[in-house]
Amino acid sequence: MVVVILILFLLLFTLHFLFDGEGVRDAVLRTYLIIFGLCAIIVEILSIFNQLEYQAVLIFWLGVTGITALLILYKLVIFKEINKLGKLKDRFKSVRQISKINVYIVLIIGLILLITLIIAVVAPPNNYDSMIYHMARVAEWIQHRSVNYYSTSIARQNYSMPLAEYMILNLQLLSRSDRFANLVQWSGFLIAIIAASEIARFFRLSRSGQLLAAFFTATLPMAILQSTSTQNDLITGVFCMLFAYFLLRIVKLHTWRYTIFAALAFGLALLTKGTAYVFCAAIGLAIGGVGLFINKKEIRMKLVRSFLMIIFCGLIINTGVYVRNYELYSHPLSTATDRVTNDKISGGVFYANLIRNAGIQLASPVPELDDVLTKIVAAHLGESISDPRSTFIGSTYQIQYYVNEDEAGNLLHFLLITFSVLLIPWIIDSDNKIIGIYTGAIALSVILFSILFKWQPWGSRLQLPIFLLGSPLMVYLKEKYQGSRRLLSTIIIVFSLYTIPYLILNETRPLVPFFREESPLRSRVIRKIFSNYPYLYYEYSDVISPFYVDLSVLHTERKTLYFSSNMDIYQDYKLIIDEVNELNEECIGLHLDSNDWEYPIWTLTERHASVGNPQFVHVAVNDISNMFSRGIDCIPSYIISTQLDVRSLDSGIEHEILIERPTIALLKIR
């Protein structure tokens with residue numbers, strides 16, 4: 001029944017497009033915000049009554065779909081506005097006049113979307129963080145029929161901002177599987193592409209420029225990789241883009257009509273990830289602050305009212321999370337900010353972080369070059385490169401080429417966006433100052449990010465919203481200085497080839513090898529090439545190794561793919577869970593550390609998408625959330641434990657080890 005959400009999307013789009021008159025892309029963007037807003041509302045309301053289950057969720061989406069359909073019929077039939085359907089035909093007439101190079105761009109974008117869609121649907125969610133808390137919390141919510149906090153050794157399952165998982169939860173309940181979990185990020189990828197082109201249109205760039213902005217977004221490596229995962233940086237970036245877009249419309253057009261959508265984008269961004277507070281602050285200060293300065297006094301008062309409404313409504317959307325966090329942690333936000341925020345704020349810390357954050361974007365497939373760049377950065381920064389006050393604990397700075405959704409860089413986009421941000425303020429047209437304001441928002445985002453957050457090895461994914469915001473800027477330079485057609489063609493070819501590894505060689509969800517190990521192509525052709533040039537394998541093993549590993553979303557068993565980023569634990573988990581399935585117990589305890597993989601336990605017992613047995617309950621919880629363990633009816637006779645070297649079970653719990661593997665064990669309570 002997942003299709004009901006798609007039907008509602010189409011109906012809401014039709015309603016906006018036919019009766020608002022702003023255009024196809026604008027209607028898509030507003031519809032996307034409404035869908036996620038409805039998702040947040042239904043999850044929070046049903047959780048109050050512990051009714052977060054299949055029937056209630058289905059009734060809600062069917063009800064909203066029915067109301068929307070009746071509203072469209074009312075407007076078309078009662079008000080005789082059926083002639084407005086002809087607007088669709090007028091909107092797409094110009095497609096026939098598209099140039100040949102633009103046709104190629106459309107085909108490339110379409111191919112990227114198709115490949116990522118296939119991977120997103122075929123591959124299970126298997127991102128490292130998702131196995132620990134993104135997907136694990138969804139399974140816990142389904143079991144509890146609520147998103148209220150529960151006793152867990154993995155605190156991030158409680159306090160982390162939850163919107164992406166709210167939508168996954170709805171899809172998981174409606175489909176009774178996690179088959180569509182990756183589509184939350186993939187849909188965000190599609191919307192980001194549309195949003196980039198719409199922002200370019202708002203900047204009065206040409207149709208070719210708008211298409212090129214979409215192209216730059218579609219070829220962004222981190223966006224490609226995250227579009228097939230259940231990470232949440234991509235849709236965080238999408239909501240930041242939409243917040244900037246609707247805020248720009250408010251500042252330039254001085255209208256209230258976009259206030260609700262700016263507020264919705266702002267609130268949803270904050271509800272998705274904590275980093276959105278920084279990016280939205282930069283966007284609000286730059287666009288909103290300058291907007292007040294450049295407008296007349298009477299306009300300023302209107303803008304102030306709009307801005308206050310945006311802040312108020314945005315925070316209201318997050319009320320449920322704020323209340324739950326405050327009740328448990330006495331703080332409305334994350335309890336782990338000390339791990340990721342700088343211990344000291346100074347010019348030196350800002351500069352060191354700026355250089356280090358930029359450096360990881362310069363990674364290339366040439367290891368020698370990456371090593372040279374690392375040494376240059378280390379020599380330039382000295383002791384600052386590993387300052388514990390501004391470096392995530394246990395991290396070592398190293399520029400290295402990755403093809404995964406946590407650490408991959410965005411080399412080409414970084415160079416062009418950096419060049420654009422530095423150059424545009426000096427060449428901007430006097431009649432198009434709105435681009436200058438937008439550029440300032442991006443620059444301020446970079447500054448605040450480097451001032452506030454410690455350098456982290458996975459910082460590239462946290463910077464993804466900046467790159468999504470920056471795509472339209474690259475096009476402005478092309479529009480300002482019309483280059484040769486050959487130069488444009490070269491850029492398109494280079495960027496297209498640049499995306500290939502990120503499309504087919506994702507370390508956790510690879511398409512390659514297309515063929516199994518025994519196929520002639522792999523056994524004869526590829527192996528022969530590498531055997532004739534063995535130094536290629538040693539020099540470029542990170543790139544070549546996927547051709548040798550017999551792992552592909554096209555033919556590897558789904559249960560195996562859950563562990564593709566941590567195959568060392570697969571056999572251990574499988575052995576233990578097979579034994580648990582044989583026990584036929586109603587309640588199983590989980591004795592886990594804060595970074596242990598929980599979600600595979602749910603999937604291997606097929607308990608990740610519906611209520612039933614066994615129920616899982618965390619035991620020996622040292623986190624403050626252990627207060628929720630009181631009064632739980634689920635009393636386990638067996639415990640799955642990953643804390644093998646500590647065995648920190650309560651002293652009153654006597655147990656024996658039934659099965660012990662290097663990474664996991666099954667215990668029986670005496």
Side-chain angles (χ1 to χ4, degrees), residues 2-3 5-6 9-10 13 24-25 27-29 31-32 35-36 92 95 98 101-123 125 164 167 171 179-201 207-208 210-239 241-242 403 405 408 410 412-413 464 467-468 471-472 474-475 491-506 508-512 514 553-554:
V2 170
V3 70
I5 299 180
L6 177 59
F9 186 97
L10 295 174
F13 163 76
V24 173
R25 285 171 287 181
V28 168
L29 301 181
T31 301
Y32 183 79
I35 290 291
F36 270 88
F92 292 104
V95 173
I98 191 170
I101 193 168
N102 286 343
V103 170
Y104 292 145
I105 293 176
V106 170
L107 290 176
I108 293 168
I109 294 174
L111 183 61
I112 291 173
L113 285 171
L114 178 61
I115 293 174
T116 51
L117 175 61
I118 292 172
I119 298 173
V121 173
V122 174
M167 183 56 77
L171 297 177
R179 177 67 68 177
F180 303 104
N182 294 328
L183 290 186
V184 175
Q185 284 270 98
W186 184 88
S187 66
F189 186 40
L190 174 61
I191 297 299
I193 293 170
I194 296 172
S197 68
E198 178 65 4
I199 292 172
R201 186 191 71 82
R207 185 176 300 162
S208 295
Q210 297 167 34
L211 194 56
L212 198 57
F215 172 78
F216 284 136
T217 304
T219 54
L220 185 60
M222 183 57 76
I224 290 173
L225 292 165
Q226 285 212 13
S227 69
T228 62
S229 78
T230 46
Q231 277 287 24
N232 55 14
D233 304 280
L234 179 53
I235 64 169
T236 301
V238 170
F239 291 130
M241 292 177 78
L242 298 184
V403 187
E405 64 273 15
N410 306 284
L412 298 183
H413 294 74
L464 179 54
F467 285 90
L468 293 175
S471 291
M474 296 187 284
V475 182
I491 291 174
I492 292 171
I493 292 172
V494 170
F495 272 74
S496 300
L497 295 175
Y498 177 60
T499 66
I500 292 177
Y502 305 101
L503 279 171
I504 66 174
L505 294 175
N506 188 324
T508 57
R509 293 173 300 282
L511 274 176
V512 171
F514 296 107
V553 298
L554 298 178

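What's counted below: heavy atoms across the whole structure, side chains too, no hydrogens, waters or symmetry copies. Everything numeric in this text was worked out from a predicted model, so none of it was measured.
- Atom-to-atom distance recorded for Ile224:CD1 and Leu503:CG is 4.5 Å, nearest 0.5 angstrom.
- Not counting sequence neighbours, the partners of Ala214 by the side-chain contact (heavy atoms from CB on, under 4.5 Å) test are Ile109, Ile193, Ser197.
- With hydrogens and angles disregarded, a donor-acceptor distance shorter than 3.5 Å links the side chain of Asn182 to the backbone of Ala123.
- Between the side chain of Gln210 and the backbone N or O of Glu198, no donor-acceptor pair lies under 3.5 Å.
- For Asp233, the side chain to side chain donor-acceptor pair (under 3.5 Å) partners at least two apart in sequence or on another chain are Gln226, Arg461.
- Residues forming a ring pair (Phe, Tyr, Trp, His ring centres under 6.0 Å) with Tyr502 (at least two apart in sequence, or on another chain): Tyr498.
- Taking all atoms of both residues into account, the shortest heavy-atom contact from Phe36 to Phe239 is CG-CZ, 3.8 Å.
- In this structure, Arg179 has no side chain to side chain donor-acceptor pair (under 3.5 Å) partners at least two apart in sequence or on a different chain.
- Here the OG1-CD1 distance, from Thr217 to Ile194, works out to 11.0 Å after rounding to the nearest 0.5 Å.
- To the nearest 0.5 Å, the span separating CD1 on Ile191 from CG on Leu468 amounts to 12.5 Å.
- Listed by chain and number, the residues in a ring pair (Phe, Tyr, Trp, His ring centres under 6.0 Å) with Phe495 are Phe216, His413 (sequence neighbours excluded).
- Of the inter-residue distances, the one linking Leu220 atom CG with Leu412 atom CG reads 10.5 Å to the nearest 0.5 angstrom.
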Side-chain donor-acceptor pairs of residues 111-121 under 3.5 Å, sequence neighbours excluded:
unit_1 : atom_1 : unit_2 : atom_2 : d
Thr116 : OG1    : Ile112 : O      : 2.8
Thr116 : OG1    : Leu113 : O      : 3.0
Thr116 : OG1    : Trp186 : NE1    : 3.0

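- Partners of Ser227 by side chain to side chain donor-acceptor pair (under 3.5 Å), not counting sequence neighbours: none found.
- Checked against side chain to side chain donor-acceptor pair (under 3.5 Å), Glu405 has the following partners two or more places apart in sequence or in another chain: Asn127, Arg509.
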